[in-house]
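See below for the structure under consideration.
Heads up: numbering here begins at 1 and tracks the sequence.
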Amino acid sequence: MEPGNDTQISGFLLLGLSEDPELQPLLFGLFLSMYLITVCGNLLIILAVSSDSHLHTPMYFFLANLSFADICFTSTTIPKTLWNIQTQCKVITYEGCITQIYFFLFFTGLDDFLLTVMAYDRFVAICHPLHYTVIMKPTYCRLLVLVSWMISALNSLLQGLMVLWLSFCREEQISHFFCEINQVVQLACSNTLLNDMMMYFATVLLAGGPLAGIIYSYSKIVSSILHISSAQGKYKAFSTCASHLSVVSLFYCTILVVYLSSAAPQSSHASAVASVMYTVVTPMLNPFIYSLRNRDIKRALKRIVGVPVT
């Protein structure tokens, strides 16, 4: 295979969600509002966790990291989308596309691993409550987050480098609002067998593995909750993981919709529309899910904005 930097291509055309000029102002306003809500909401979560000593626990430590990852996740794609809509220029440079692929894969993987770590935290808290403080020490929590960052970085680096080695014969169109690795690889005019194998391997190992861990953790959690005698105890135990379970369901269900839509007719456009769910909508909803039913978060947010706490 010839290295990608030997190719004559200078960039790609991102076709976006619609080429209708009348829809562009609506799309711009929609993406801008969702992006601002996502950034502000997740920043408030980070600020609440860092400023309130009552929230300096493993669960909220992982939540703050998830909020940071969600801000970076949306910032990888949405600002460029807004720029393209505003300037009516759909071009993204070759270097910009590779960079976008790297960071998109990185923060997608980081989100996945952090959700798995949070499921493990709830598993220890509910199934082994007497050993929770011994197991979930601050150093161990930081190690779990560090390993999540390292694995995500390694995966995105390997897949990004493999895309660099592909050759592209001419300027190509991507039926998406960002450089999605599957579509970029399909546009290559060189052999993509290794890339396809790597993507398949990464999907099975780095997506299926964490999902299996989450399912195992919650199967044990449900089993432990069912053995609690009092109804109040069951409700209290379930309420501690209800928000996380909602976020996990939203994350994986939206990704499943993307993969199902890619198999349908006009798959490129359908996949682009479905991708909005997990690239924009899910990170935007996470702060609401974690704050609306969480008294500790709501109390910390009230302190930040100066509202008296009762």
**Message:** M118 vs R122, test: side-chain contact (heavy atoms from CB on, under 4.5 Å). Steps then yes/no.
**Reply:** CA-CA 6 Å; M118 294 172 76; R122 293 298 84 204; 5.9 Å; no
Could you measure the distance from the [atom1] atom of [X] to the [atom2] atom of [Y]? Nearest 0.5 Å is fine.
{"X": "S291", "Y": "L301", "atom1": "OG", "atom2": "CG", "value": "6.0 Å"}
{"X": "I92", "Y": "K90", "atom1": "CD1", "atom2": "NZ", "value": "14.0 Å"}
{"X": "F103", "Y": "S156", "atom1": "CZ", "atom2": "OG", "value": "8.0 Å"}
{"X": "L27", "Y": "L17", "atom1": "CG", "atom2": "CG", "value": "6.0 Å"}
{"X": "N195", "Y": "L158", "atom1": "CG", "atom2": "CG", "value": "11.5 Å"}
{"X": "L285", "Y": "L250", "atom1": "CG", "atom2": "CG", "value": "6.0 Å"}

**Item:** Derivation of the side-chain contact (heavy atoms from CB on, under 4.5 Å) call for M197 and L193
**Value:** CA-CA 6 Å; M197 291 177 60; L193 177 61; 4.1 Å; yes
Verify same cluster id: [X], [Y] (apolar side-chain graph, 4.5 Å):
{"X": "I85", "Y": "L30", "answer": "yes"}
{"X": "F201", "Y": "M150", "answer": "no"}
{"X": "V124", "Y": "L115", "answer": "yes"}
{"X": "Y235", "Y": "I221", "answer": "no"}
{"X": "L187", "Y": "L105", "answer": "yes"}

**Request:** Output every pair passing salt bridge (charged side-chain N to carboxylate O under 4.0 Å, His left out) with a member in residues 99-115, not counting sequence neighbours, ordered by first then second residue.
**Result:** none
Would you mind reporting whether [Y] and [X] have side-chain heavy atoms less than 4.5 Å apart?
{"X": "H128", "Y": "F123", "result": "yes"}
{"X": "M162", "Y": "L194", "result": "yes"}
{"X": "I135", "Y": "Y120", "result": "yes"}
{"X": "N286", "Y": "S67", "result": "no"}
{"X": "V49", "Y": "F61", "result": "no"}
{"X": "I214", "Y": "F251", "result": "no"}
{"X": "E180", "Y": "I174", "result": "no"}
{"X": "T74", "Y": "D70", "result": "no"}

Donor-acceptor pair, [X] side chain versus [Y] backbone, under 3.5 Å?
{"X": "T81", "Y": "F177", "answer": "yes"}
{"X": "S219", "Y": "Y216", "answer": "yes"}
{"X": "T93", "Y": "G96", "answer": "yes"}
{"X": "H176", "Y": "G16", "answer": "no"}

Answer yes or no: does atom [atom1] of [X] have more than 12 heavy-atom neighbours from other residues, nucleotides or ligands under 6.0 Å?
{"X": "K220", "atom1": "NZ", "answer": "no"}
{"X": "H56", "atom1": "NE2", "answer": "yes"}
{"X": "E22", "atom1": "CD", "answer": "no"}

Closest heavy-atom contact between [X] and [Y]?
{"X": "I126", "Y": "P129", "value": "O-CD, 3.6 Å"}
{"X": "G160", "Y": "I98", "value": "O-CG2, 4.3 Å"}
{"X": "V280", "Y": "I78", "value": "CG2-CD1, 3.4 Å"}
{"X": "S152", "Y": "L110", "value": "OG-N, 3.1 Å"}
{"X": "Y252", "Y": "P210", "value": "OH-CB, 4.0 Å"}
{"X": "L206", "Y": "I151", "value": "CD2-CG2, 3.9 Å"}

**Prompt:** Is the gap between the ring centers of Y218 and H244 under 6.0 Å?
**Reply:** yes
**Prompt:** With ring centroids as reference points, do F106 and F73 lie under 6.0 angstrom apart?
**Reply:** no
**Prompt:** Which one of T76, I101, T77 satisfies the side chain to side chain contact (heavy atoms under 4.5 Å, CB included) criterion with F178?
**Reply:** T77
**Partner of F68 by side chain to side chain contact (heavy atoms under 4.5 Å, CB included), out of I46, N42, I45** = I46
**Request:** Go through the steps for M34 and V281 under the test side-chain contact (heavy atoms from CB on, under 4.5 Å), then give the verdict.
**Result:** CA-CA 7 Å; M34 289 192 295; V281 176; 4.3 Å; yes
**Request:** Kindly determine whether Y60 and D52 satisfy side-chain contact (heavy atoms from CB on, under 4.5 Å), including the steps that lead there.
**Result:** CA-CA 10 Å; Y60 294 112; D52 193 328; over 6 Å; no
**Item:** disulfide (SG to SG under 2.5 Å) partners of C40, counting only residues at least two apart
**Value:** none
**Request:** Tell me, please, which residues at least two apart from K80 pass side chain to side chain donor-acceptor pair (under 3.5 Å).
**Result:** N84
**Item:** Side-chain H-bond candidate by donor/acceptor type, S75 with Y35, under 3.5 Å
**Value:** yes
